[in-house]
Amino acid sequence: MTVPLSAARPPRSVFVGRAAELAELARVAMRPPALALVEGEAGVGKTRLVRELVRRPELVGRTILLGCCQPMREPFPYGPLVDLLRDTSPLLARVAGSLSPIVGALRPLLPELAPLLPPQPPRGDAATERHKIFRAVRELLAAYGPLVLVIDDLHWADEGTQDLLRFLMTPPTGNLALVATCRRDVHGAGAWSVLEPAHRLLSGDQTALLRLRPLGPVDVGVLAAGLLGTRAVGSDFAAALHHRTAGIPFVVEEVLREFREIGAGPQSRTLDLVDIPVLLRDTMAERLRRLGPAVAAVVHAAAVLDAPATEDDLVTVSALPPNRVARAVTDALAGAVLFEVGTGRYALRHPLARQAVDVSIPSPQRRKLHARAAELLAAHPDRVLVRLAHHYRQAGDLPNWVSRTVAAADHATEIGDTALALQVLETALADETLPARSARTLAVRLSRVAVTGIARVSTVERLQSLLRGGLLTGTARGEVRINLGRLLMNQTGRIEEGQGELEMAVLDLTDRPALAARGAAALTLPTFGWRPVSHQFGWLDKATGLAAAAPRDDELSMIVRANHLALLAGVGDPSLQPLLSTLPRASRSPRVRRQLARAFNNIGDSLAWIGHYAQARELLQVSDTLMSDDDVPYLCTLRNGTRLRVDAVTGSWATLQTDAAQLVEQAGEMPSLAMDALLALASTTLARGDRDAAGWYLDSAQAAAPETPPLQLAVSAARVALALARNDVAAAAVGADRALIRVNAKDNWVWAADLVPHAVRAFQRAGRSTDAVRLAEQYSSNVSGTDAPLAAAATMLVTALVAKDPATALDGYLEAAATYAGLPQPHTAATIHEAAASVAITLDDHAAALSNLTIASDIYTELGCARDAERCRRSSRRFRPARPRGRKGYGEELSPREREVVDLVAAGRTNRQIADELFLSPRTVEHHVARAMRKLNVDSRAAFQADHSAG
């Protein structure tokens with residue numbers, strides 16, 4: 001029989017992180033007489049652990065009684081035991097006839113059970129009556145055995161209950177296992193003193209002292225998923241929740257109770273929307289009330305400081321005498337309100353506890369505490385500027401707050417922590433008390449940091465709000481617009497919107513030609529937007545003119561020059577290379593060096609789109625050497641994205657999937673920063689035959705950067721190829737038509753090098769041969785004279801595709817394959833060799849067919865495209881020299897195919913797996929295995945392993 005805990009609630013969450021402790025409790029409970037004590041701070045999961053214990057299958061058939069001590073000023077005598085015994089009438093009815101007369105002493109305490117109890121013995125003095133009650137309880141519990149007695153929150157037990165438990169366990173009642181929980185603080189020490197004598201009397205395997213620790217981030221994530229009803233939560237959310245709650249299950253549950261009410265998704269930033277749980281706030285307030293005003297004052301000081309503090313720090317901020325602070329710290333530690341962090345430093349357990357205390361401090365007192373904290377921190381040699389600014393703000397000292405905020409943001413930017421700089425500036429700009437002049441200063445700084453770091457959605461929204469509100473005027477408005485425009489284009493993928501901001505900025509800054517030139521230069525990059533490239537050349541002329549009208553500025557000159565070269569690279573202009581050779585690869589000026597890093601990055605990216613892969617890698621490396629990752633995180637992410645795209649097309653796939661996934665995570669809320677990684681994943685998965693995954697990555701890449709033409713055309717090319725692979729000719733042809741409209745609109749055909757060959761194939765299979773020929777001719781004409789290796793290779797390929805004479809087509813395929821191999825684009829080269837083999841077959845040129853299929857198979861094998869490689873090998877078999885008719889000449893030796901099957905059997909493959917891998921039927925594999933066993937004179941498949949090892 002199990003009697004519920006009087007104060008227990010039904011389980012609200014999954015049980016996680018306590019398997020070892022639960023098993024240990026169950027082990028001890030099964031070996032009476034036994035004693036187990038579970039220690040831990042409030043909310044760590046002691047009650048949940050013993051609740052799980054009573055459900056253990058090992059305990060079926062044992063009587064389980066549960067009681068809970070209450071924090072009452074005047075507790076009832078023997079309260080927990082009386083409460084749990086009151087509900088045991090079914091048990092008592094079974095043993096009533098065998099009870100000793102002494103059990104009748106319980107009649108006054110248990111009137112509900114009086115009809116089943118023996119008559120009350122004659123009364124004596126108080127000490128005698130107390131002894132009778134103790135003996136009666138012991139007698140009754142022994143009659144109920146074997147028994148597991150669970151007492152929760154033993155630290156609240158009154159003296160009578162403590163004495164009774166001590167009596168029950170000294171000496172231990174023979175068939176009783178006592179399991180108790182208590183807080184791990186001064187009360188816990190008192191609770192242990194109740195049970196320590198019994199602990200000495202019992203053997204080691206009959207006792208257990210378990211100290212529960214908070215959960216780790218992984219277990220917090222599992223708990224959160226259970227509470228939110230989801231399969232899993234992200235590691236970032238789990239880590240943020242762990243930090244916020246210190247891994248204490250009760251606090252996790254209360255936070256997520258509030259979290260469910262606001263209806264937010266499980267993302268780390270949404271935790272900031274959660275208010276302090278009411279139960280946690282009330283619990284903390286009650287605890288401080290009990291501990292007295294001195295402890296409350298010291299804890300208030302610790303909450304305001306919000307960092308591990310020494311006693312001297314707490315003296316300064318609380319303004320209490322040192323001796324009172326010392327006593328208060330001791331009491332706060334004993335009451336589990338403060339915790340020692342390191343040696344001689346004290347803090348609240350977790351951020352929510354700090355917030356719960358902070359909101360309870362009256363506003364005038366809180367301002368004084370923050371003022372003293374600011375004074376303390378300002379005098380410290382290694383002060384943290386962000387914290388100092390916070391204290392000044394909370395103290396109401398606005399001038400110092402603004403100046404320290406600017407200093408904190410500048411320092412964070414200097415050390416490369418742009419995320420912190422963005423957070424500091426956004427927080428300040430969201431404050432309604434910020435003076436207008438200061439707001440303009442901080443807005444410009446925020447826009448500058450945003451374009452170099454990896455921004456968040458909130459950053460974009462804050463800048464847009466500042467522009468809409470009319471607070472910004474003149475130069476400040478123009479610069480913020482320029483930086484917002486660049487941010488929208490570079491990171492959010494909202495090209496048209498960003499270009500609009502830049503165009504307004506240029507018009508707004510007619511009296512500031514240098515700043516206007518920066519805005520105009522940002523409109524020259526061809527990869528942004530679907531306006532024709534002639535539009536970008538027009539803005540280049542505008543930027544050049546504005547820069548010439550401005551005072552000499554080396555940084556501005558480098559901006560315009562860099563974007564000019566990136567524009568030439570993007571269209572495959574032959575004049576690029578001589579100009580690029582004169583671009584310096586170093587500079588003493590940090591500002592010019594940053595622009596050089598950006599120049600080599602952008603030019604390398606543009607060259608990668610048109611097939612200059614080796615040079616693109618070289619220029620990206622130059623950019624790396626000019627600027628470290630911490631200087632411009634955004635630029636570093638772009639570089640890595642371009643490298644991934646180059647790796648994908650050149651066949652460098654060893655770590656591509658892992659690297660791409662990491663970059664997608666780094667992109668965070670800025671999807672366009674992940675576009676290259678998503679495209680790389682799409683192209684490699686498509687090449688390896690995983691069409692479903694390829695489709696998903698293509699959808700993601702397309703959504704990430706809808707206004708980035710080269711990426712969108714590459715996605716369209718892959719979609720047409722995917723449709724052709726699925727034999728959906730209609731989808732392929734329509735997709736090609738729609739993509740070609742966009743190529744014409746942009747008027748930059750070098751970016752269509754991947755698209756056009758697939759489009760030609762789609763038109764041919766759709767019966768539109770005339771359109772296919774026209775497209776091939778149009779493409780060849782439009783890329784003529786450009787310095788675009790990929791476009792030159794595509795021209796050769798489409799010429800071969802539309803060739804009417806098979807011999808001409810074969811020659812064209814071979815030339816195209818060699819060109820693609822030289823880029824290198826090995827996978828494309830392999831597919832062309834396969835196409836060449838098909839043409840060679842129509843010409844009855846078996847040697848050429850065999851040669852091309854062999855080359856294709858070798859390339860596919862090297863890339864890890866096993867199915868493609870096997871397809872080529874199977875096709876090539878009919879072109880190999882024929883063997884003599886009749887029985888094969890291998891005799892008792894294994895044939896090559898039999899050896900292949902034996903190797904796979906030795907590797908542990910099943911017949912079905914071998915059949916799939918070798919493109920054979922399972923029946924054929926069975927024949928090969930049987931013949932091999934006969935030839936090797938073995939009687940089991942396992943023997944192949946020995947033969948394989950010996951070989």
With a cut-off of 3.5 Å and sequence neighbours excluded, list every side-chain donor-acceptor pair involving residues 549-560.
unit_1 : atom_1 : unit_2 : atom_2 : d
R552   : NH2    : D554   : OD1    : 3.2
D553   : OD1    : E555   : N      : 2.9
D553   : OD1    : L556   : N      : 3.3
E555   : OE1    : R518   : NH2    : 3.0
E555   : OE1    : R591   : NE     : 2.9
E555   : OE1    : R591   : NH2    : 2.7
S557   : OG     : D553   : O      : 3.1

Do [X] and [Y] touch side chain to side chain, with heavy atoms closer than 4.5 Å?
X    : Y    : answer
V533 : K746 : yes
N490 : F528 : yes
M675 : T708 : yes
E665 : D236 : no
M670 : T637 : no
I603 : L607 : yes
N563 : R598 : yes
L420 : V424 : yes

So does [Y] get a backbone contact from the side chain of [X], meaning a donor-acceptor N/O pair under 3.5 Å?
X    : Y    : result
R354 : A303 : yes
S606 : N602 : yes
N748 : V743 : no
Q499 : G485 : no
E501 : I482 : no
R366 : I361 : yes
T524 : A520 : no
S465 : E461 : no
S623 : A597 : yes
R404 : L388 : no

Tell me, please, which residues at least two apart from [X] pass side chain to side chain donor-acceptor pair (under 3.5 Å).
X    : result
Q423 : none
E707 : none
S447 : N483
R645 : D605, D676

Quick check: are there more than 12 heavy atoms from other residues, nucleotides or ligands sitting under 6.0 Å from CD of Q365?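 Enclosed: over 12 neighbouring heavy atoms sit under 6.0 Å from CD of Q365.
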Are there more than 12 heavy atoms of other residues, nucleotides or ligands under 6.0 Å from atom NE2 of H411?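 No.
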Does the pair R593 and S587 meet the rule for a side-chain hydrogen bond (donor to acceptor under 3.5 Å, both in side chains), with working shown? CA-CA 5 Å; R593 191 161 58 248; S587 173; 5.6 Å; no
Candidate pair L488 and E496, rule side chain to side chain contact (heavy atoms under 4.5 Å, CB included), full reasoning: CA-CA 9 Å; L488 288 167; E496 191 70 26; over 6 Å; no
Out of the candidates R445, R440, R448, only one should pair with E479 under the salt bridge (Lys or Arg N to Asp or Glu O under 4.0 Å) rule; please name it.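 The passing option is R448.
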How close do [X] and [Y] get, heavy atom to heavy atom, and via which atoms?
X    : Y    : answer
L509 : G474 : CD2-O, 4.4 Å
A660 : A677 : O-CB, 3.7 Å
L305 : R387 : O-NH2, 3.6 Å
A682 : L698 : CB-CD2, 3.6 Å
G519 : V506 : C-CG2, 3.9 Å
A238 : P217 : CB-O, 3.6 Å

I would like to know whether L228 and F237 meet side chain to side chain contact (heavy atoms under 4.5 Å, CB included); could you show each step before the answer? CA-CA 12 Å; L228 296 175; F237 179 80; 4.2 Å; yes
Can you tell whether the side chains of D508 and R477 come within less than 4.0 Å, N to carboxylate O?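 Salt bridge flag = yes for R477 with D508.
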Electrostatic pair R456-E426, nearest N-O below 4.0 angstrom: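 Yes, charged N to carboxylate O under 4.0 Å.
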The test is salt bridge (Lys or Arg N to Asp or Glu O under 4.0 Å); show your working for D699 and R719 and say whether it passes. CA-CA 10 Å; D699 290 343; R719 288 195 186 282; 2.6 Å; yes
Just checking, any donor-acceptor pair under 3.5 angstrom between side chains of Q464 and E497?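 Yes, because at least one side-chain N or O of Q464 sits under 3.5 Å from a partner of the opposite role on E497.
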Going by distance alone, is a donor N or O of one side chain under 3.5 Å from an acceptor N or O of the other, for R486 and Q491?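 No pair is found: no donor N or O on one side chain lies under 3.5 Å from an acceptor on the other.
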Stepwise side chain to side chain contact (heavy atoms under 4.5 Å, CB included) test for V402 and Y392: CA-CA 9 Å; V402 172; Y392 279 125; over 6 Å; no
Approximate separation, where rounding is to 0.5 Å, of [X] [atom1] and [Y] [atom2]:
X    : Y    : atom1 : atom2 : result
L619 : R639 : CG    : CZ    : 12.0 Å
N744 : W749 : CG    : CH2   : 4.5 Å
L241 : L256 : CG    : CG    : 5.0 Å
L638 : S672 : CG    : OG    : 8.0 Å
R481 : L507 : CZ    : CG    : 9.5 Å
T527 : Q712 : OG1   : CD    : 12.5 Å

Test side-chain hydrogen bond (donor to acceptor under 3.5 Å, both in side chains) on T405 and W401 and set out the steps. CA-CA 6 Å; T405 296; W401 166 50; 3.3 Å; yes
Test side chain to side chain contact (heavy atoms under 4.5 Å, CB included) applied to R561 and L583, step by step: CA-CA 9 Å; R561 184 179 179 187; L583 191 65; 3.8 Å; yes
Output all residues satisfying ring pair (Phe, Tyr, Trp, His ring centres under 6.0 Å) with H370, sequence neighbours left out; order by chain, then residue number.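 So H370 forms a ring pair (Phe, Tyr, Trp, His ring centres under 6.0 Å) with H390, H391.
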